[in-house]
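A quick write-up on the structure given underneath.
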Amino acid sequence: MTTCRLCNAAFSQTWTAKDAKSAEPLEMALCGGCGLVQQVSLPSDAELKIYYSHNYREDYKSTHKPKLKYVHRAGHVAKDRLGFIARAGINPAGKRLLDVGAGGGEFCYIASKAGFSVSGIEPHHGYSEFARDNYGVAIETAGIADLKAKQADVVTLFHVFEHLAHPQEVISKIWSVLPDDGHLIIEAPNIHQSDASPHNIYFKAHLFYYSRFSLMAAAGQYFEPIRLEDSGNLMVAFKKRLQPLNQQALPTEAEVAVTQKRLSQKGWMEYLFAGGGLAKPFKRVAKVIEEALLKKQSPKATLDTAWAASKNLIPLYTSLGAATAAALLVDACA
Ligand SMILES: [Zn+2]
């Protein structure tokens, strides 16, 4: 491949990076047209399908089913994500939320506590089964191609989009299944962020590395952004366009140059001093202690505990009338 998977423009820069897990070399490229950072050679669709339905979770977490400390972590991450959804002004009252790549179902379960009517799809057999058995949430062992029309009002992809080999097709598929007032939430690693260790940027399973600009190139034709946060990970809430634009929403040359500059700045100095890397070992110790003290309880009780500790979210997401909830959520979480 010598041209961009997303916009077909020529690459303006190529280099060899290392996979964060195995240190094997990964050939990378920056697109001169849309600024999307991508792997030069992508696995075939058949390879990807087998990988995600069987191997992926084992490679990454060395387990078929999530450990309790992972459930605990996922519960807290789920609350952060719900905070973002609230800041985007999306009111859960009467809304069906569908989580794509739902994993062990932690986000779905917590989102149901926040008032959404939830479902999910997850290609991995073990994880989707775990979610159904432990939380009673409706998680289907399925992929994006299986989405049905008007199945949900809000579709979420948390750390999923960067794994998908055909971003534009995925976006147009989601657009076609959402109702006119539907929303799409995407969270992905942010190639502009400074708080990722230089060892922890490139992953074989991450085919694309988005920024606020290249994510717009991927999604902007079909969706309009309503909230963007990218001081760390990239989080964007979109609302569906009634009619797609005639062409991709490509960034300007100056915006592509921002990504090029950010790539050249990455390294240990930036990570340690600008990215907060110096404080990370201390935070890690605190986390290890917290997780060692976790009560031995069921995954469901672990998530219930995490939700019960969400002092800001609970009153907002449970006891408010539909009309005022969105406005109050936006204030409280801003
Ligand atoms: Zn491109």
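Values below: every heavy atom of this structure, side chains too, minus hydrogens, waters and symmetry copies. In each ligand, atom 1 is the first atom listed, and ligand 1 is the first ligand listed.
Between F107 and F158, the angle of the ring planes goes over 60°, which puts this pair in the perpendicular group of the 30/60° scheme.
The six-membered or imidazole ring of H192 lies near that of F213, with a centre-to-centre distance under 6.0 Å. In summary, the aromatic rings of F161 and F208 are positioned with their centroids too far apart to meet the 6.0 Å limit.
Side-chain atoms of E122 and T141, non-hydrogen and from C-beta on, never get closer than 4.5 Å to each other.
Salt bridge D153/R96: present, at least one basic N to carboxylate O contact under 4.0 Å. Salt bridge K49/E47: absent, no basic N to carboxylate O contact under 4.0 Å.
Here the protein contributes C4 SG, C7 SG, C31 SG, C34 SG as N, O or S atoms under 2.8 Å from the Zn ion (ligand 1).
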